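Structure record follows, encoded as structure tokens.
Values in this document were obtained by computation on a predicted structure and should not be read as measured data.
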Amino acid sequence: MQCSAYLSRGGICRNGICVCAEGYYYIHGKCRAYSGLLEKCQEDGDCYVNGDFQASRCINNICNCSPGYYQRKYRTCRPDAKVHGKRCIINNDCKGWINSTCDNYICDTSQTHENTSRLLYNDNIEKKK
């Protein structure tokens, strides 16, 4: 069997198994060429970043991070978890909160709220003196 006939353009045979070649990903029974972040594209499906189809979009024929994602370094789009309880993988995903952490894949801002409340409380006491 010829893999290119089975998987379309980008299909190759590796150890007797049809797989997608480098620069292609498997979707809907076929191999599809992809563009990385900041590369040329024609439609959203051309943009493939981190294996997350929602992470990037084709905007003005260039792959960019989707709304709700931020660009980390120059090759990846990470979820922008600006709210306590949103999913995350690394601490940087929990943007918008000082001292927030990614704990068990959930943004934990409780330390931040606790510290902010104490600071405001202490600030009010000192102003009354």
Side-chain angles (χ1 to χ4, degrees):
M1 169 191 292
Q2 290 218 352
C3 292
S4 60
Y6 180 67
L7 293 174
S8 192
R9 196 175 118 220
I12 61 169
C13 183
R14 186 175 293 143
N15 299 325
I17 299 171
C18 291
V19 296
C20 294
E22 186 77 27
Y24 291 81
Y25 66 95
Y26 181 83
I27 186 167
H28 304 300
K30 295 182 179 182
C31 294
R32 182 174 180 159
Y34 68 84
S35 299
L37 195 57
L38 304 178
E39 292 179 355
K40 289 182 181 181
C41 57
Q42 303 244 331
E43 58 186 57
D44 290 345
D46 296 338
C47 303
Y48 185 71
V49 178
N50 303 351
D52 181 352
F53 290 102
Q54 295 177 336
S56 57
R57 299 179 90 183
C58 185
I59 302 169
N60 297 323
N61 295 89
I62 300 291
C63 292
N64 289 284
C65 293
S66 297
Y69 289 79
Y70 70 95
Q71 185 175 331
R72 182 165 188 259
K73 306 257 180 181
Y74 54 91
R75 292 184 172 242
T76 62
C77 296
R78 306 276 320 134
D80 193 355
K82 292 184 178 179
V83 181
H84 176 76
K86 282 283 204 167
R87 76 179 179 95
C88 58
I89 295 177
I90 58 174
N91 288 340
N92 283 351
D93 292 348
C94 304
K95 291 180 158 256
W97 302 97
I98 299 169
N99 299 326
S100 61
T101 58
C102 183
D103 188 28
N104 290 324
Y105 305 104
I106 300 292
C107 282
D108 182 4
T109 58
S110 59
Q111 188 71 28
T112 303
H113 289 300
E114 193 175 297
N115 289 342
T116 303
S117 297
R118 271 194 221 135
L119 287 172
L120 291 174
Y121 178 74
N122 289 338
D123 223 20
N124 288 337
I125 291 174
E126 289 183 21
K127 286 180 182 174
K128 289 180 184 177
K129 287 183 181 179

Value rounded to 0.5 Å, distance of CZ in Arg32 from CZ in Arg9: 10.5 Å

Pairwise distance SG(Cys47) to CG(Leu38) - rounded to 0.5 angstrom: 10.0 Å

Neighbour count >12 (heavy atoms, 6.0 Å) for atom CZ, Arg57: no

Whether over 12 other heavy atoms sit under 6.0 Å from Gln42 CD: no

Kindly check if [Y] and [X] bring their SG atoms closer than 2.5 angstrom.
| X | Y | result |
| --- | --- | --- |
| Cys107 | Cys88 | no |
| Cys65 | Cys77 | yes |
| Cys41 | Cys58 | yes |
| Cys31 | Cys20 | yes |

Test item: Asn92 and Arg72 side chains (from C-beta on) under 4.5 Å apart, heavy atoms: yes

Side-chain heavy-atom pair Lys40, Ile62 within 4.5 angstrom cut-off: yes

In one Ile/Leu/Val/Met/Phe/Trp/Tyr side-chain cluster, 4.5 Å: Ile27, Tyr48: yes

Cluster overlap Ile106 with Ile89, hydrophobic side-chain contacts below 4.5 Å: no

Asn91 (side chain) donor-acceptor with Cys102 (main chain) under 3.5 angstrom: yes

Cys63 backbone acceptor or donor facing Ser56 side chain under 3.5 Å: no

Taking all heavy atoms of [X] and all of [Y], pick out the closest pair and write down the distance.
| X | Y | result |
| --- | --- | --- |
| Thr76 | Val49 | CA-CG1, 3.8 Å |
| Tyr69 | Gln54 | CE1-O, 3.4 Å |
| Ile90 | Tyr70 | CD1-OH, 4.0 Å |

